[in-house]
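In what follows, a single structure is set out as structure tokens and then discussed.
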Amino acid sequence: MVQLSINGKKVTAEEGEALLKVARREGFVIPTLCYHELLGSSGRCRLCVVEVNDAGKKRVVASCLYPAKENIEVFTDSDEVRLVRRTVLELLLARNPSAELIQHLAKQHGVTEVRYTPDQDKGKCILCNLCVRCCKDIVGVSALGMSGKGPMKKVGPPFDEPSETCIGCGACVVICPTGHIAMEEEKGVRTVWQKKFELAACPKCKRYHLPLFQLEWISKTRNIPVEELMVCEDCR
Ligand code: SF4
Ligand code: SF4
Ligand code: FES
């Protein structure tokens with residue numbers, strides 16, 4: 001264990017534990033966009049910055065990646081931290097003017113004007129990569145990826161075509177922080193990433209619940225008879 005201070009408060013942490021986790025545990029608020037408790041850090045958004053004073057050497061670092069060390073001083077709301085956060089949000093607002101979450105965070109952090117010319121309007125996608133990581137590491141399917149470079153970078157299934165491997169589970173929709181990924185359900189059909197999935201109707205209550213494709217996938221990977229999975233959670 002190591003001792004450090006956050007905004008002057010002495011705290012204890014496991015050596016190497018991410019400062020973000022330590023700070024949140026101690027009740028300090030640090031905004032994040034690409035961090036998720038189930039997936040950990042990826043260091044993409046840089047919104048989680050804090051200032052660290054390590055033996056007189058001051059740096060602004062990404063708190064989701066920076067490890068807790070003995071005797072460091074951490075500041076979550078210094079002038080430098082606020083400046084970096086505002087810059088990050090200004091850039092995001094330039095690129096994602098329609099993303100309500102970014103509008104809200106920008107307002108909260110005092111960003112009143114955007115001085116940057118957007119490379120491309122990305123709609124609500126902030127390229128945080130959470131959907132890609134969720135599909136790969138939580139669902140175990142890897143139907144999504146990042147493609148293109150620089151301003152052309154975007155997220156989606158390969159070649160922007162309905163993915164063969166996507167099971168229509170909707171986990172990427174749930175994890176997306178900005179609501180960029182559309183999922184619709186109509187007359188027993190779910191559409192996500194341009195792929196249509198027939199929904200299974202529960203044999204007991206007749207309610208549509210999960211895509212048949214997803215049930216078959218769960219049945220195959222977990223060795224559970226598909227008939228069992230056809231019954232919705234409420235009726236089990
Ligand atoms: S809906 Fe498709 S792309 Fe999204 S997490 Fe599920 S399998 Fe992956
Ligand atoms: S679609 Fe959502 S989760 Fe995926 S990269 Fe874009 S903002 Fe992040
Ligand atoms: S939350 Fe740390 S870089 Fe995004």
Side-chain angles (χ1 to χ4, degrees), residues 32-45 64-65 92 95-96 98-99 101-102 119-203 205-236:
T32 57
L33 282 169
C34 69
Y35 175 83
H36 193 282
E37 279 189 11
L38 294 176
L39 292 164
S41 320
S42 66
R44 277 187 177 249
C45 74
C64 67
L65 294 173
L92 283 170
R95 208 172 57 187
N96 309 98
S98 59
L101 174 66
I102 303 303
D119 44 15
Q120 200 189 37
D121 185 344
K122 299 278 184 198
K124 293 185 181 180
C125 182
I126 56 168
L127 299 173
C128 68
N129 212 34
L130 278 175
C131 56
V132 177
R133 296 165 67 213
C134 166
C135 188
K136 178 172 174 282
D137 299 337
I138 298 179
V139 183
V141 164
S142 291
L144 301 174
M146 288 272 177
S147 62
K149 285 196 179 145
M152 303 313 288
K153 197 174 220 178
K154 61 178 179 180
V155 69
F159 311 109
D160 274 341
E161 285 179 4
S163 154
E164 278 181 24
T165 48
C166 175
I167 58 169
C169 66
C172 54
V173 180
V174 175
I175 211 162
C176 175
T178 61
H180 176 73
I181 308 168
M183 186 167 83
E184 284 167 13
E185 284 184 11
E186 208 188 338
K187 296 183 183 150
V189 176
R190 174 182 288 183
T191 309
V192 61
W193 294 112
Q194 300 109 45
K195 187 170 173 181
K196 293 197 180 301
F197 297 88
E198 196 186 328
L199 293 170
C202 169
C205 69
K206 312 292 177 215
R207 187 176 63 89
Y208 288 120
H209 56 123
L210 296 175
L212 275 169
F213 207 74
Q214 182 180 359
L215 297 184
E216 282 159 11
W217 183 82
I218 297 172
S219 166
K220 201 167 79 184
T221 51
R222 303 213 193 129
N223 209 16
I224 304 171
V226 79
E227 298 73 33
E228 265 180 43
L229 299 167
M230 292 293 279
V231 180
C232 76
E233 262 193 25
D234 294 343
C235 295
R236 273 179 215 164

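Nothing here was measured: the structure is a model prediction, and the numbers come from that model. The first residue in the sequence is number 1, and the count goes up from there.
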**Q.** Partner residues of R190 under the side chain to side chain donor-acceptor pair (under 3.5 Å) criterion, sequence neighbours left out
**A.** E185
Going by atom type alone, with no hydrogens or angles, which donor-acceptor pairs under 3.5 Å involve a side-chain atom of residues 206-220 and a protein atom two or more places apart or on another chain?
from	atom 1	to	atom 2	distance (Å)
K206	NZ	P203	O	2.9
H209	NE2	M230	O	2.7
S219	OG	I224	O	2.7

(Q) Evaluate K136 against S142 for side-chain hydrogen bond (donor to acceptor under 3.5 Å, both in side chains), listing each step before the verdict. (A) CA-CA 4 Å; K136 178 172 174 282; S142 291; 5.8 Å; no
Q. Nearest 0.5 Å, what's the SG-NZ distance between C176 and K124?
A. 9.0 Å
Q | Inter-residue atom distance W193.CH2 - C131.SG, 0.5 Å rounding | A | 5.0 Å
Q) When rounded to the nearest 0.5 angstrom, what distance separates CD1 in I102 from CG in N96? A) 6.0 Å
Q) For the residue pair V155 and L127, what are the closest heavy atoms and their distance? A) N-CD2, 4.3 Å
(Q) Taking CZ in R236 as the centre, count heavy atoms belonging to other residues, nucleotides or ligands within less than 6.0 Å. Is the count above 12? (A) yes
Show every donor-acceptor pair shorter than 3.5 Å between a side-chain atom in residues 157-172 and any protein atom, with sequence neighbours excluded, or say none if there are none.
from	atom 1	to	atom 2	distance (Å)
D160	OD2	K154	NZ	2.5
S163	OG	T165	N	3.0
S163	OG	T165	OG1	3.1
S163	OG	C166	N	3.0

Q: Heavy atoms only: give me the nearest L33-C45 pair and the separation to one decimal.
A: N-SG, 3.5 Å
(Q) Please report the interatomic distance CZ(R222) to CG(L229), rounded to the nearest 0.5 Å. (A) 9.0 Å
Q.
Applying side chain to side chain donor-acceptor pair (under 3.5 Å), can you list everything that pairs with T178, at least two apart in sequence or on another chain?
A. none
**Q.** Q194, CD: over 12 other non-hydrogen atoms inside 6.0 angstrom
**A.** yes
(Q) Test of understanding: with side-chain contact (heavy atoms from CB on, under 4.5 Å), list the residues that count as partners of C128, not counting sequence neighbours. (A) C34, I126, L130, P177
Q: Using the side chain to side chain contact (heavy atoms under 4.5 Å, CB included) rule, take L38 and I175 through it: C-alpha gap first, then chi angles, then the decisive distance, then the call.
A: CA-CA 10 Å; L38 294 176; I175 211 162; 5.9 Å; no
Q.
Checking S42 now: which residues fulfil side chain to side chain donor-acceptor pair (under 3.5 Å) with it, not counting sequence neighbours?
A. none
